[in-house]
Number of protein chains: 2
Amino acid sequence: MHGEIPPGEALTLRGIGKAYDVSMTPAREAVRRLVAEGALFLSSSGRVSTPALSNERIEELATLRALLEPELASRALPRAHFALIERLETINQGVSQVIARHDATGYIRMNLEFHRTLYLRAQAPAMLAMAETVWLQLGPTMRALYGRLNRTEPPYHHKLILSALKAGDEPGLRLAVRADATQGLRMLKG
Amino acid sequence: MHGEIPPGEALTLRGIGKAYDVSMTPAREAVRRLVAEGALFLSSSGRVSTPALSNERIEELATLRALLEPELASRALPRAHFALIERLETINQGVSQVIARHDATGYIRMNLEFHRTLYLRAQAPAMLAMAETVWLQLGPTMRALYGRLNRTEPPYHHKLILSALKAGDEPGLRLAVRADATQGLRMLKG
DNA sequence: CGGCGTTGTTTGTGATCACAAACAACGGAT
DNA sequence: ATCCGTTGTTTGTGATCACAAACAACGCCG
């Protein structure tokens, strides 16, 4: 999810087991779970690797983010008190710091934490789980995409999200979240 | 997914293995996968059962259907040729037959086949997979809900969907699909 | 020099086992 | 009669093993 593994990298059950100091059995169960969520790709011969997503698949996942996340944000809005907005602003400052460090994994992690912190207030666990499944599938790809993006500034849409939250502007919040979710997509064509 | 197992029913790895004539190992893997998709519930002690969904959770899953399925239908619309509509009408007749037979499982199966047949045309595998995950989570509950519903007629919204498809009416299609997806929800309050 | 078969190794699969935790049934004490 | 402790059974977990398929490297032949 955090882009620690590049797309298309092969994994072995024995290797995973060794990395976590367990036998093949727990490694297999974890892999099967991640395959079920689409986070790992299982070839017809049973080998597992991180998915190397096609452009069509990436667009589809971006569409899913654009469908799910505005709904989550909208549901979180009535419950977003000042303490939450303050936490979001703190996280957003952290995003600026990892950008300065050119830390791709850190950037992805902080960005997702920003979104998750907001969506947790939506009190919609099934919907949040779906959104996280999408993030999981996009993880390796986001890391690869981050390389093309030479970010120097913190994400613009996060500021829009914060002001919409403060203003209680539901349509504006939906728009800002949607834009932020699909923002990374633009790099595909280039 | 088809409601063959009522909500809250306990399953054992050895029992599943015996039912499919395999050892515990493949049964465990299958169970872990289904747990990851939310189709089965894993208690803190490791026992597995079909989920007994709260009303809030059911409403959430219905919302997810209402978000995902109109989008799938909309994407399928431009590719929906006459042969597809004909197939959908055939399936819909099958729905009428299982209703006459008071066959809950058959009804759910046919109903989902109707939707899946349409959505397959959307060429959006990730989105369809998400919709099917929702169906999977709702399976046992839908069976329980079917008991309260004394259907004598084929689903009204399916006809609306078919006419919207024939007319190429995209907004009407979205509305009809959304209504059909959330229709079963109304029985909750009663 | 390149294509292809062969061989040795890696890898996933399914079965089995020992173990500990959880559960259920029973019995005794209050 | 009810509560609680005890005991026997059920159940999930993780490890290990045998096996077959897949892969990769090498060498042979054209």
Side-chain angles (χ1 to χ4, degrees), chain A residues 1-54 57 125-126 129 132-133 135-141 143-144, chain B residues 1-54 57 125-126 128-130 132-133 135-141 143-144:
Chain A
M1 181 186 285
H2 297 149
E4 290 163 24
I5 315 182
E9 180 153 320
L11 300 173
T12 65
L13 296 183
R14 287 173 175 88
I16 297 169
K18 192 162 290 184
Y20 292 93
D21 200 41
V22 291
S23 77
M24 293 171 57
T25 310
R28 244 200 293 187
E29 291 183 15
V31 161
R32 291 307 254 252
R33 170 183 168 179
L34 291 168
V35 167
E37 293 186 79
L40 290 178
F41 172 72
L42 184 67
S43 86
S44 59
S45 69
R47 308 297 165 96
V48 294
S49 58
T50 50
L53 302 181
S54 66
R57 178 63 66 116
E132 293 200 283
T133 295
W135 298 346
L136 207 51
Q137 297 185 39
L138 280 172
T141 299
R143 188 250 188 69
Chain B
M1 182 186 284
H2 295 149
E4 289 162 25
I5 315 182
E9 181 153 320
L11 300 173
T12 66
L13 296 184
R14 288 172 175 87
I16 296 169
K18 191 163 292 184
Y20 291 93
D21 201 40
V22 291
S23 78
M24 292 171 59
T25 311
R28 245 199 295 185
E29 291 183 16
V31 161
R32 292 306 254 249
R33 173 182 166 180
L34 291 167
V35 167
E37 294 186 79
L40 289 179
F41 171 72
L42 185 66
S43 85
S44 59
S45 68
R47 312 310 237 253
V48 294
S49 57
T50 49
L53 303 180
S54 66
R57 178 63 65 117
L128 178 56
M130 293 243 129
E132 293 199 284
T133 295
W135 298 346
L136 208 50
Q137 296 185 41
L138 280 173
T141 300
R143 188 250 188 72

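Every chain is numbered from 1, with letters handed out A, B, ... down the list of sequences.
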Verdict with reasoning, B:Leu42 to B:Val31, per side chain to side chain contact (heavy atoms under 4.5 Å, CB included): CA-CA 9 Å; B:Leu42 185 66; B:Val31 161; 5.6 Å; no
Is there a side-chain contact between B:Ser45 and the phosphate of C:dC23, meaning an N or O under 4.0 Å from OP1 or OP2? yes
How long is the span from the CG atom in B:Leu34 to the CD atom in B:Gln137, to the nearest 0.5 Å? 11.0 Å
Rounding to 0.5 Å, atoms CG (B:Leu138) and CZ (B:Arg143) come to a distance of 15.0 Å
Quick check for you: to the nearest 0.5 Å, what is the distance between B:His2 atom NE2 and B:Trp135 atom CH2? 9.0 Å
Whole-Å gap separating P (C:dG14) and CG (B:Leu13): 15 Å
Check: A:Thr50 side chain, A:Gly8 main-chain N or O, donor-acceptor pair, under 3.5 Å: yes
Give, ordered by number, those residues of residues 14-36 of chain B having at least one heavy-atom distance below 4.0 Å to an atom of DNA chain D; if nothing qualifies, reply none. B:Arg14, B:Met24, B:Arg28, B:Arg32
From CG of B:Leu42 across to P of D:dT11 the rounded distance in Å is 15 Å
Should A:Leu40 and A:Leu11 count as side-chain neighbours, where that means a heavy-atom distance under 4.5 Å? yes
Sorted by chain and number, sequence neighbours left out, side chain to side chain donor-acceptor pair (under 3.5 Å) with B:Glu29 holds for A:Arg28, A:Arg32
Could you go over nucleotides 4-10 of chain C and give all protein N or O partners under 3.5 Å, atom names and distances?
none

Is there side-chain contact between A:Arg57 and A:Thr141, with at least one heavy-atom pair below 4.5 Å? no
